[in-house]
Every structure is written in structure tokens, then in C-alpha cells.
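Step one of this worksheet: look at the structure below.
As the structure is a prediction and not an experimental result, all values here were calculated from the model.
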Amino acid sequence: MKRVVITGAGTINALGQNVPDTLEAMREGRCGISNLEFRDVERLAIRIGGQVKGYEPEDRFNRQQLALYDRFTQFTLIAAREAIAQAGLEFSGDLAARAGVVLGNSGGGMTTLDDNYRTVYEDGKNRVHPFVVPKLMNNAAASHVSMEFNLKGPSFTVSTACASSNHAMAQAFQMVHGGLTPVMITGGSESMLCFGGVKAWEGLRVMSKDACRPFSANRNGMVQGEGAGIFVFEAYDHARARGAEILAEVAGFAMSSDAADIVMPSKQGASRAIKGAMQDARINPEEVGYINAHGTGTAANDKTESAAVADVFGAHADKLMMSSTKSMHGHLIGGTGAVELLACIMALRDGIVAPTIGYQEPDPECALDVVPNEAREADVNVALSNAFAFGGLNAVLALKRAP
Amino acid sequence: MSINDRVIKIIAEQAVLEPSDVALDSTLESLGIDSLGLVESIFAIEEEFDISVPFNANAPDEGDFDISSVASIIKGIEALVKEQS
């Protein structure tokens, strides 16, 4: 089996429009959550989110491209350009034929859907733009990445709500690990911050009106974010042969299904995925220094996740660090695991653990070291990234410091 | 129909019971209504009375809206109807 490493990373999210800016914000514990700005926001009860601000699509794409790129596709391409440029790869010949792109996404082109429903229902028009379908389909982002970079291998989109990116990255890992291809582009993106997108979430009554405070006793719900995280997964021997810089090693993963409830998480399902990822990566629980938590800031998730980690790690649970960066960038749903993987890379490569900001009151049911409010320097050799989705679908990735 | 009867009808429908089986001192839990059922009931109540109920599923016990029993829910709805009409 091939060892798999990460040789490129790219992102755009509420904390920054590239990886260096995002990591700097995480180091400084900056909050990217702000007042939402879009049409009809005044009709919402929830008006905050991790929205990408100061972003002009026209600066990045031409008119023809924008006619085809929903916001989630734009974010994906921006992140993919950064990741692939960092990796320094050009896809041609045999490499192009084998390399593909597997991405996570949950809502598809929600902004496109919202705008066009408005056109036909509210404005009463009987005609919509001809590209509505190719723009809103969930696989649009993966397809445009494949076209821009000439990726002709296995390519598709995985949709498992909040675990989409982790499931996608697990698939990409498996393909490189198994020798199917030396390189895969992977990660995920989401852009649901529009009237219809937030209105739908509002209905569930799990959103916070003021802040995302994971693991803090006074937390009162999740806050949505948007953006993308894209990575180049490459076979270690391939990367080494061409002298590529290695950011971290992807050592293994596990997936599990709760088979229990459509929205409530399960301790058993989460535990099985965490345990499974460590087994797959052949690491001992005592080696894990950092866990990027799913940490949504809801009562249900944070208690269940803390209990699962306490269960799996026993006494070591009190020694490891577990933070939720959703407190800073919000919950990117189908793209969240991808942006959160950056915090794992920062812990492994730079020795800096991103904090859980907005933490105000200890909760006895979440009694772990959640790295409250301030980033911390630490020597981390192994990190895990948790994602537990609505529908009870879980995916955990295990990473190691670059070999 | 009184506010009392209308709320009981909504709760009974959610619990798949006859309205006569919903006692004022029943808790939603005792009627077999789980967290999703609760959120759905509150939506139905908001639609029925055209009001907005301040309820966050992350902190169901906090806030002014008391969901500890059918009677407390009715009392809360009566106050909201008065306030918001």
C-alpha cells in the first residue's frame, strides 16, 4: 500500500481568502462570524454567519465563467488553484489520465436555486437563465476543477451533509493508498448563505443568534459558514521523487453509520469512527495530540462528541487537545471537514493548535481540554479530524506529521 | 375553539393520540413526543396562531417559553397570542 501525503492546500472562508491568512486568523483566534449581508436578510431570525466578505467574483472570473459558476464552484476553484499551485503539479499524459477530483458538498448551488425560485415564484417570470441546471448541480464544482486542471481520472461529488468533505477525502486517500492513482484533488465546499438557505436551517431551531461557542456551557447553537478547502493528496514516493514539499501525511480513516436517528448524534457511532480511524492508521490512542472536533456548538453534538472521545481515549482524553474551529469560521456543512483539516496541518507542521474561541463557561459534560480562546504551541505528531453528519453518517481522518 | 383546545389538538396530532388522551399535566415526553416532534409541534402552533415562539432546541429549558407540561405550553401560547396580536 502507498503512503499518502498532502502536497498542496488551498482555501477561501470567512477567516481568509487563502491558507496563510486563514492560519494566521486561527493562530490569533480571530472570529470570522459577522452580520449576514444578502437580499431579504431582514426577514430572517438568524442574521449572523461566517460569510466570505470583501470578495468580488468579477476579480477572479470572467463573465462567461460566472454564468456557469455558482458561489460554491467559485470558492472551490479559488481553493483548488492555490492548492495545485503549491503542489507544483501539471496534469498531462499518464498523470492526467489517472488523477481525479473527489469533493464533498451538501447543498449544491443553493444561491442559484434561491435566485431562480425568486424569479419564477416571486417575480412571476416564466423564463430562467439557460444554465440554471449545470450551475446548481452538486457535482458542478468537481467538474469545473477537472476541466480547469485536466484531471481525467475518477471524479465525483460526495454528499453526506456535515461529513461530506471527510467522506470525500477518505475516498481520495483510498484511491492513492491503493495505487489507483498517484495524485487526487480533494476537499469540499459549501455556500448556503442566502435567504432560502438560512431560512431552512432556522426552522430546525438549532441556530445561534449571537455566536458559536462550542463546548462552552452557555452555547446556544450552531452558526453557518461558507467557503472551500481543497488539497492535493499524493503518493509519498511520487512526492519525494519530485522533491515536493510535504505538509502532512494522511495516515488513515474510518466511516460509520449510526443507523439510529436522522438528526440526533450517537456516541457509539462517533466512537466507532474515531477508534476505526486510529486502527486504520495503525496509531495508538496515546499518540494522538490533537483532535479537530466536529464541535458544532449545539447541545446535542458537543455532549455526545465529548463523551465519545472520553470513552475511546480513557485517561489519555485528559491529556489531548480538542478544539472546534467552527467557533471562528462557522459550520461550512459539506465543506467543513476540508477547512478544518487546515487546523490539523497547522498543529502537525507548525506546532500550533487552533483554539475554540467564544469559550466562556466550563461544561462538566464537555470536560476536555478544548484549547479555550487562545492558540497554543504544542508538539503534535498525530491529529484526528472528526465529522459527524445529520443522518448519522460519520467520517474521521487520521493525520501524521510529514515523514 | 379556545386556545386551549387548539393547542391540545396540535399536540394530540403530533403524539398520534385523541385530544381526550392529552391531559393538562402531561409532559411532551410522557406523550411520546421527542425533540424533532417538539420542533414540529412548535412550528404547527406558530402557523395556527400566526405567532413567533421563542424556542431554541439547544436550550429548551431556558428562555421565557416553558415547555415542561401541556398546561405550561398553553399558558405560554396564550401570553404570546395576547402580546403579538
Between B:Ser35 and chain A, with a heavy-atom cut-off of 4.5 Å, which part of the residue counts as in contact: side chain, backbone, both or neither?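 Looking at B:Ser35, just its side chain touches chain A.
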
B:Glu40 versus chain A, the contacting section by heavy-atom distance below 4.5 Å: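 Looking at B:Glu40, nothing touches chain A.
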
[atom1]/[X]: more than 12 non-hydrogen atoms of other groups inside 6.0 Å:
X        : atom1 : answer
A:Glu374 : CD    : no
A:Phe390 : CZ    : yes
A:Asp123 : CG    : yes
B:Glu13  : CD    : no
B:Lys9   : NZ    : no
B:Glu29  : CD    : no

Under 4.5 Å from any heavy atom of chain B, what part of A:Met207 do you find: side chain, backbone, both or neither?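 Only the backbone of A:Met207 comes within 4.5 Å of chain B.
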
Non-hydrogen atoms of chain B under 4.5 Å away: do they reach the side chain of A:Val263, the backbone, both or neither?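 For A:Val263, side-chain heavy atoms alone lie under 4.5 Å from chain B.
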
Evaluate the side-chain proximity of B:Asn58 to A:Arg219: yes if any heavy-atom separation is below 4.5 Å, no if none is.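 Answer no - side chains too far apart.
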
To the nearest 0.5 Å, tell me how far B:Leu36 CG sits from A:Ile262 CD1.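 It comes to 9.0 Å.
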
May I ask you to decide if A:Asn220's main-chain N or O and B:Asn56's side chain share a donor-acceptor pair within less than 3.5 Å?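 Yes; judged by distance alone, with no hydrogens or angles, the pair exists.
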
